[in-house]
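First the structure, in the form of structure tokens, and then the observations on it.
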Amino acid sequence: MIQLLGWGDQGWGDELVRAAGMTLAVALCAFLLGLVVGSGGAAAKLSRFRALQAAADAYTTVLRGIPELLVIYLLFFGGSGALMYVARIFGHTGYIEINAFATGAVAIGIVNGAYSTEVIRGAVLAVHPGQIEAAKAYGMSRSVMFRRIVAPQVLRYALPSLGNVWQLALKETALISVTGLVEIMRQATVGAGSTKQPFTFYAAACVLYLILTTVSGLGFARAERWAARGVRRA
Amino acid sequence: MDPRFMWETLGKLVEGVPLLFQLVTVSLAIGFVLAVLVALARLSPLAPLSRAAAGYVFFFRGTPLLVQVFLIYYGLSQFPEIRASFLWPFLRQPYWCAILAFTLNTAAYGSEIIRGGIQSVPWGQIEAGRAAGMSGWLLMRRITLPIALRQALPAYGNEMILMVKATSLASIITLMEVTGIAHKIISETYRAVEVFVVAGSIYLLINFLLTRAVKQVEWWLSPHLRDAPGAAVKEEAALVH
């Protein structure tokens, strides 16, 4: 088994670790996309416009209520169709295949965005109105108030839950293996198929996922402490 | 969007709903019992028991469900001992492997929810139980667990929704539930959007009904939080005087 999971031509260790890098890259892109979408979604939910609120509500309800796998299938099979439709308008008639990385990152990103929306909305609402009042009393403009008062506190309130959202993104990347992207899951399947030792490879995949989730969990715990450095603890 | 195609698709997808229900109900039912046991083990004063439970939760919450499914369905066949054992007739079927993986997975998440519930039981309740002469299992059964489970129910409702969504992974090991059938139709027709809309609606409807059911059970379990009949009227009367 040591030889099997070792480095170099004989072992699968280097392939698996490279695949772990791919998992991390997809998860990171998806999480960042989710943060951007989530900030927009939270802004829409907290806005004065009914139509925006309704749209954001529909978005979070739908994407939190259907399986991620369906979203991946939609983008994987439907995404290239939509692109080809647009391309045909511009006179291009060939087949276009969307990159599996982009499909995965976008699919998981928009699912993650639904969770991030709720997290960020809750964090914005958790900022005490007195803080905003005090900022106004100091004569801060809206942008200064956002930068100095609102954003740092929203970050602090949102961080613990964003840590959970990140863990979700990390674990959901395993589903992208159905599109053929060589991340941990896919690489383990390939290794299991060619060596007839599935348990060894899926166990190795488990270890890699555990390392990723544990190390990033510690990172988030550190970030939480950093964001709460100005708060007195009981 | 072609309404006739969507109607036909709906007919095909609905055939996957019974399997989805089986996977969800069996995994959640066994998973719940296991979750209570794991939570109790986690809180037990016996260090090895508590540590074993913590390790179990760490593993199942730290790895993707898909790996767990594959580890059980494909992985276990690596060992000739398992292939020769009495468990093999079960473990070689994707159905039982999916149920086993889902059960173990939901038990890990559920045990953390129930542990939170148990730890949030007010100390006064336990003290009162002790004062009334209860201890050990009797105290647990009559006082701690009922309060803990009521407290945990809203979070457990979320876990149930996650489980409904998780059953879609069964399609990857050849079980034809709703997502499996949807995938088959999409790869035959390449009409991803229409199939997605129909399949998504089925999941949304199931999750909507599930949410309502959990809310209803929550309401039944918390009569103490509701006003007594006529309380509002009395309050109003008190305000007038």
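A note on names: the letters A, B, ... follow the listed sequences, proteins ahead of strands, and every chain is numbered from 1.
- Inspection of the Ser120(B) and Gln151(B) side chains reveals an N or O donor paired with an N or O acceptor under 3.5 Å.
- Around atom CZ of Arg51(B), no more than 12 heavy atoms belonging to other residues, nucleotides or ligands sit under 6.0 Å away.
- No more than 12 heavy atoms of other residues, nucleotides or ligands shown are found within 6.0 angstrom of CZ on Phe90(B).
- Between Tyr73(A) and His183(B), the angle of the ring planes stays under 30°, which puts this pair in the parallel group of the 30/60° scheme.
- Most heavy-atom pairs under 4.5 Å with chain B: of the set Ala192(A), Gly78(A), Pro198(A), this distinction falls to Pro198(A).
- Contact annotation for Val207(A): neither backbone nor side-chain heavy atoms come within less than 4.5 Å of a heavy atom of chain B.
- Within residues 163-179 of chain A, the residues having any heavy atom closer than 4.5 Å to a heavy atom of chain B are Lys171(A), Ala174(A), Leu175(A), Ser177(A), Val178(A), listed by residue number.
- When each of Ile206(B), Ile161(B), Leu169(B), Val164(B) is scored by its heavy-atom pairs under 4.5 Å with chain A, the top score falls to Leu169(B).
- Of the two parts of Phe208(B), neither the backbone nor the side chain holds a non-hydrogen atom closer than 4.5 Å to a non-hydrogen atom of chain A.
- Looking at Lys184(B) and Glu188(B), a side-chain N of the basic residue comes within less than 4.0 Å of a carboxylate O on the acidic one, giving a salt bridge.
- Note on Tyr209(A), Phe77(A), Phe76(A), Phe199(A): by heavy-atom pairs under 4.5 Å with chain B, the leading option is Phe199(A).
- Counting all heavy atoms, side chain and backbone alike, Glu177(B) lies closest to Tyr203(B) at OE1-OH, 3.1 Å.
- Proximity to chain A involves both the backbone and the side chain of Tyr74(B), based on heavy atoms less than 4.5 angstrom apart.
- With respect to Arg115(B) and Glu112(B), a salt bridge is recorded, a charged nitrogen being found less than 4.0 Å from a carboxylate O.
- Using a 4.5 Å cut-off between heavy atoms, Leu162(B) contacts chain A through its side chain alone, with no backbone atom that close.
- Atom CH2 of Trp226(A) is surrounded by 12 or fewer heavy atoms from other residues, nucleotides or ligands within 6.0 Å.
- Of the possible polar contacts, one joining the Asn207(B) side chain to the Gly65(A) backbone as a donor-acceptor pair under 3.5 Å is found.
- Highest contact tally toward chain B, considering only Leu74(A), Val71(A), Thr61(A), is held by Leu74(A) [criterion: heavy-atom pairs under 4.5 Å].
- Between Arg121(A) and Glu118(A) a salt bridge is recorded (basic side-chain N to carboxylate O distance below 4.0 Å).
- Of all the heavy atoms in Thr117(A) and Gly41(A), the pair that sits closest is CG2-C, 3.4 Å.
- Residue Thr167(B): no heavy atom, backbone or side chain, is found under 4.5 Å from chain A.
- The minimum heavy-atom distance linking Leu91(B) with Cys97(B) is given by the pair O-SG, 3.0 Å.
- Interface remark: Leu66(B) contributes backbone and side-chain atoms alike to the contact with chain A (heavy atom separation under 4.5 Å).
- Only the side chain of Ser171(B) comes within contact range of chain A, with at least one heavy atom under 4.5 Å from a heavy atom of that chain.
- Using a 4.5 Å cut-off between heavy atoms, Ala182(B) contacts chain A through its side chain alone, with no backbone atom that close.
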